[in-house]
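Please read the structure below before turning to the comments.
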Amino acid sequence: MTQWSGYFGLILQGALVTIELTLMGSVLALIMAFLAGMGRVSRFFALRWLATAYIEFFRGTSIFVQLFWAYFVLPFIGISLTPLQAGVLALGLNVGAYAAEVVRGAIQSIGREQYEACTALNLGRWQGMRHIILPQALLVMLPTFGNNAIELLKATAVVSLISLTDLTFQAQVVRAQTGNTLVPFTTILIIYFILALLISWGVRSLERRMARGLDGVRA
Amino acid sequence: MSASAPIIKIDSISKSFGSFKVLDGLSMQVMPGEKLALIGPSGSGKTTILRILMTLERIDGGHIQIDGEQLYHMERNGQLLPADERHLTRMRQKIGMVFQLFNLFPHKCVMDNVTLAPMLTKGTPRAAAEKRAMELLEMVGMADKAKNMPAQLSGGQKQRVAIARALALSPKIMLFDEVTSALDPELVEEVMNVMRKLAAETDMTMLLVTHEMGFAHDFADRVLFFDRGRIVEEGKPDEIFRNPKQERTQGFLKKIIAAGHRV
Amino acid sequence: MSASAPIIKIDSISKSFGSFKVLDGLSMQVMPGEKLALIGPSGSGKTTILRILMTLERIDGGHIQIDGEQLYHMERNGQLLPADERHLTRMRQKIGMVFQLFNLFPHKCVMDNVTLAPMLTKGTPRAAAEKRAMELLEMVGMADKAKNMPAQLSGGQKQRVAIARALALSPKIMLFDEVTSALDPELVEEVMNVMRKLAAETDMTMLLVTHEMGFAHDFADRVLFFDRGRIVEEGKPDEIFRNPKQERTQGFLKKIIAAGHRV
Amino acid sequence: MEWDWNFVWEIMPTLIQGVKITILATLLGSVLAAIVGLGIALARRSPNKALSRTVGWAAEFIRGTPLLVQLYFIFYVLPDIGILLPPLVAGVIGLGLHYGTYTAEVYRAGIDNVPRGQWEAAKACNLSASQTWTHIIIPQAIPPMIPALANYFIAMFKETPLLSAITVLELMNQAKSVANTYYRYIEPITLVGAFFLVISLFSVVLLRWLERRYGKIER
Amino acid sequence: PGSADDSKLEQLKAQGFARLAIANEPPYTAVAADGKVSGAAPDVAREIFKRLGVADVAASISEYGAMIPGLQAGRFDVVTAGLFMKPERCAAVAYSEPVLCDAEAMLVKKGNPKGFKSYEDVAKDTTATIGAPGGGTEEKLALNAGVPRDRVIVVPDGQSGVKMLQDGRIDAYSLPVLSINDLVKKANDPNLEVIAPVQGAPVYCDGAAFKKGDEALRDAFDVELAKMKKSGEFAKIIEPYGFSAAAAMSTSRDKLCAAK
Ligand SMILES: Nc1ncnc2c1ncn2[C@@H]1O[C@H](COP(=O)(O)OP(=O)(O)OP(=O)(O)O)[C@@H](O)[C@H]1O
Ligand SMILES: Nc1ncnc2c1ncn2[C@@H]1O[C@H](COP(=O)(O)OP(=O)(O)OP(=O)(O)O)[C@@H](O)[C@H]1O
Ligand SMILES: [Mg+2]
Ligand SMILES: [Mg+2]
């Protein structure tokens with residue numbers, strides 16, 4: 001009686017929304033991570049303060065609250081976002097705050113001697129950052145970035161709050177329409193796990209490619 | 001040589017780390033082309049002097065002149081102001097440094113390590129930078145490893161690349177901080193040979209910190225013996241190593257010899 | 001001495017790391033009370049031998065007898081079986097080791113570093129263990145630092161504590177792996193002095209790996225020169241250092257001397 | 001929509017009820033996560049390949065899928081096989097299992113970070129395996145882990161709103177309930193954010209202190 | 001009603017569709033396997049908007065908690081989700097005249113082992129627990145009948161409620177009659193029994209909820225709604241879903257919003 005194939009179609013549509021959110025959220029998170037992470041090690045007090053405020057605020061308040069604000073409160077100050085935009089904004093800013101600390105940690109993990117070599121070769125601050133520090137720090141960040149991306153994937157499950165028909169939301173719909181709990185939830189668990197595996201596999205192969213001939217960069 | 005002006009003129013500088021005073025009113029001068037060895041017990045401030053000259057540390061007081069210009073100060077309308085980043089950048093062109101642990105850039109091949117700074121800081125075109133790099137790598141005997149990554153080199157080879165890298169900016173003054181002490185004993189010799197050659201062939205001014213007394217003896221025109229941030233004794237290598245006048249110098253050399261080092 | 005049986009008997013052992021063969025059919029013997037120095041180029045397998053004797057690495061083939069008993073094998077009904085953990089624990093009582101980087105337990109004070117093993121492995125009561133520890137710390141000149149934490153000690157002091165810690169188990173055989181090479185040159189001497197005293201005063205069997213030829217000369221009854229996992233030459237210190245017969249030994253010593261070490 | 005202070009004071013007692021449940025769930029979840037993590041870390045080190053592989057994959061699966069969906073499973077699907085858990089217990093188990101897979105990584109890193117020289121020195125001192133663990137390795141491994149562990153417990157705190165899906169009346173659920181009754185959302189949800197932010201900022205201070213106190217072992 | 005308000009309808013006509021918020025709760029709303037939205041509330045809305053000259057409706061399923069904020073933030077033009085009219089809600093949104101009416105029901109185990117007839121019965125049995133949607137009418141009714149807070153379980157959705165009842169986690173689950181009937185049909189479980197209507201509980205009606213300020217649009221909606229009620233088309237749409245048109249026509253917004 002139950003038209004499972006149709007409902008699986010619904011779940012797959014949800015998977016597309018989840019993937020879309022994860023990809024776009026990751027891009028935003030990456031941008032924020034570099035901006036705020038480098039802000040944290042800036043020479044300028046104002047930048048450091050701004051970056052710290054951003055990071056502590058977004059790590060401090062729950063993603064639920066941030067999502068709610070992005071969708072329901074921003075319109076009152078004249079910024080009306082589509083659900084997808086609001087979802088990407090909240091997820092990206094939230095995960096970006098965590099990833100910013102990764103960027104800062106990686107930059108600081110590059111030994112003082114590399115900074116000194118830059119000075120001794122008379123490279124400017126930005127030249128040294130761009131050519132020497134960041135390329136090495138990137139390799140240190142990558143594995144944790146992979147974990148952050150998986151966190152983001154899992155966090156997309158909360159966007160059902162703002163009527164985005166992601167994987168979890170579609171599973172809820174199917175559950176309400178069919179009265180079956182086990183099938184939709186098992187299905188989406190597997191889909192989430194496959195997506196997570198894809199992310200960690202992708203990050204790992206990226207890491208291998210970047211690390212080629214670079215033994216000794218990472219301790 | 002005595003006719004020309006000193007290329008480095010250090011005038012009663014002081015430097016503390018926290019409450020610990022490493023240098024206290026130190027003065028010294030170095031003539032153009034001089035090869036100077038700085039020796040002395042651990043913690044006496046030898047490294048600190050080199051790092052100050054390379055602007056890796058700031059001084060708390062005093063003045064330093066390089067090649068007739070203030071290092072940490074700028075003259076504006078007859079007044080001495082603290083140097084800004086632009087002034088330091090200009091002054092650093094005159095100085096190169098080689099570190100104890102090489103500090104090569106691990107993500108760049110040997111060639112890129114050597115060409116990076118000339119291309120970025122002087123705008124040297126790639127072709128010219130690579131030509132010059134090849135000459136320098138030739139000189140330190142590393143031309144055949146130009147495409148290797150640092151991780152594929154032995155310590156001695158890394159240090160020779162580091163020397164070539166510092167030379168690529170053609171500084172007037174080269175600073176060497178214990179460039180052989182992180183190497184396996186068998187690899188020490190190859191680096192020393194490169195440096196002896198360098199000392200003989202160029203008229204660059206060189207400051208060398210080392211614990212290898214034999215090497216200091218061969219390399220230097222003049223030896224400074226440091227203790228607790230002060231120059232206790234200075235003179236020609238033969239004088240210092242054969243006939244040290246100060247008790248502190250004698251004690252130090254005796255211990256070093258007892259520990260198995262040749263003078 | 002030739003009358004007694006060897007305390008260490010190594011019989012054609014081999015050892016590989018991955019596809020790289022470090023030791024290939026090495027055999028050697030050490031008499032009770034002998035002081036042996038192992039020298040040779042970097043990577044020749046000196047450390048590996050000490051680590052195998054301390055059971056930090058397993059061997060791939062061959063046999064080792066310590067004090068008349070198999071180290072890596074047990075005899076059961078006339079058959080040789082691979083040793084189990086209990087057998088190894090018993091055999092390790094005969095052997096102590098001092099490491100290049102001290103490896104003190106950073107969360108325990110000097111006294112506890114020395115008393116821990118006797119109390120845990122032999123059940124020595126605390127009072128007795130501390131009394132013995134004080135004697136040992138006295139001997140290495142560290143009695144006044146008994147309550148210090150390792151982080152508060154200099155390298156030379158740490159190494160002297162490490163020596164006391166190894167002695168506290170009263171092993172018959174002591175292994176020393178480059179115990180001075182991580183120390184500042186001025187601190188080397190204090191550790192060497194302790195070891196010279198130790199060598200002179202006890203009849204413990206000692207194996208020493210070092211790059212300090214002068215020290216090896218003073219310390220050892222017999223010197224083994226290693227290259228690529230094999231003994232190239234052995235003899236009394238004077239023979240090896242003044243009149244090496246093998247070309248490889250000559251070349252090695254020449255390089256070491258050129259690098260500034262006294263022999 | 002205007003901010004209404006009277007409304008804020010009216011709903012405050014209800015929200016504080018929720019905060020109590022949230023904190024209780026976090027504390028119990030933390031204890032469980034600490035134990036589960038240790039179990040996973042030890043199992044993964046086990047020489048028994050079957051055990052270490054199975055536990056490894058199970059941990060990967062739990063870490064790669066959203067806590068929300070896992071909670072649904074524990075609460076709504078497990079009763080079908082006769083396991084009927086009260087909501088709070090199910091929530092604590094979900095939190096503990098999920099975060100246990102994270103703390104396992106912390107334990108692993110903490111143990112791996114004890115230098116090899118310490119294992120070797122222990123052997124040279126002829127200590128047995130259990131003596132080595134209790135006297136040498138654990139005392140050195142635990143202190144540097146404390147900040148990282150605390151970090152996850154704070155993250156767990158911010159994920160407790162998910163428990164509303166399984167009828168636990170925690171902070172977020174209370175807030176939603178209040179909001180649905182009065183149709184005023186900005187105040188309750190913003191207050192939830194403020195609660196989270198206050199507790200997070202407080203825990204950042206605590207973390208810094210833990211880091212200073214335990215972060216490093218002097219060698 | 002000023003000209004600014006009229007422009008709202010013009011704007012909807014121009015864009016060709018109105019945005020509806022609906023709930024994931026049959027039979028008020030339903031989503032077919034192909035994703036198509038139907039159900040009593042959206043069907044009525046679709047028809048009225050067509051008559052107003054707005055060609056189509058775009059419905060999105062929303063959490064109850066997100067509907068009113070979404071309306072106020074301009075995310076939706078109207079909520080048609082079975083939100084019953086109550087005085088405090090009338091203050092927050094602009095309701096149309098009543099559309100769908102329903103009494104309250106309780107779902108219990110077969111044979112009604114605890115003998116519930118009203119919310120007061122639940123209050124009297126000190127071991128009984130009752131499930132209801134958070135902030136919903138049923139929760140309020142149970143609390144008002146004297147069931148203590150810790151025995152009113154906030155259940156996130158209908159399916160969860162049925163499951164919890166089956167698993168013995170709650171003794172009764174309360175929702176509007178038609179929602180319960182739909183759940184029971186899907187659950188297909190002979191061990192469940194519906195008690196409807198709950199004694200002493202009033203009949204509630206929902207209306208289409210508009211943003212405060214959109215009263216002009218609401219009034220236009222009401223005009224068409226009244227016409228359809230009269231012509232019988234209204235009954236034709238909602239009765240197949242089980243709703244009673246007579247109930248909706250026997251009361252009015254003013255009555256419901258004033259009720260105590
Ligand atoms: N960044 C720093 N912070 C605190 N103290 C420092 C720092 N750098 C150096 N010192 C201290 O300053 C003193 C001089 O150090 P310096 O490195 O110049 O000695 P050195 O003569 O080069 O010794 P060595 O032969 O061991 O290299 C030492 O006591 C050292 O501990
Ligand atoms: N764990 C290991 N894995 C792989 N290779 C190893 C390992 N330990 C040692 N080796 C290799 O075995 C060889 C012998 O090492 P060993 O440490 O015994 O040399 P050594 O004579 O002590 O040298 P050195 O004077 O540098 O200490 C070296 O080539 C080394 O790279
Ligand atoms: Mg130094
Ligand atoms: Mg070795």
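Order of the sequence lines sets the chain letters (A, B, ...), proteins ahead of strands, with each chain counted from 1. The figures that follow rest on heavy atoms only: side chains count, while hydrogens, waters and symmetry mates do not. Keep in mind that this is a model prediction, so the values were computed, not measured.
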State which residue, out of B:L169, B:D67, B:T205, fulfils the side-chain contact (heavy atoms from CB on, under 4.5 Å) condition with B:K94.
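That would be B:D67; it is the only one of B:L169, B:D67, B:T205 passing the side-chain contact (heavy atoms from CB on, under 4.5 Å) with B:K94.
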Answer yes when B:E85 and A:R125 have at least one side-chain N-carboxylate O distance shorter than 4.0 Å, and no when they do not.
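Looking at B:E85 and A:R125, the cut-off is not met.
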Is the shortest side-chain N to carboxylate O distance from B:E178 to B:K46 below 4.0 Å?
no
Students often mix this up, so state it plainly: with edges at 30° and 60°, are the rings of B:H63 and B:H73 parallel, tilted or perpendicular?
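Taking B:H73 first and then B:H63, their aromatic rings sit tilted (interplane angle of 30° to 60°).
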Tell me, side chain or backbone of [X] under 4.5 Å from chain A's heavy atoms, or both, or neither?
X: B:F105; value: both
X: B:R165; value: both
X: B:I95; value: backbone

What residue in B:L104, B:N103, B:L175 has the most heavy-atom pairs under 4.5 Å with chain A?
B:N103
Options B:T121, B:V98, B:L101, B:L88, ranked by heavy-atom pairs under 4.5 Å with chain A, top entry:
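Sorted descending by pairs with chain A, the first entry is B:T121.
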Please look at A:R112 and chain B and tell me whether the side chain, the backbone, both or neither of the residue comes under 4.5 angstrom of a heavy atom of that chain.
side chain
Are any of the side-chain heavy atoms of A:T82 and A:Y71 separated by less than 4.5 Å?
no
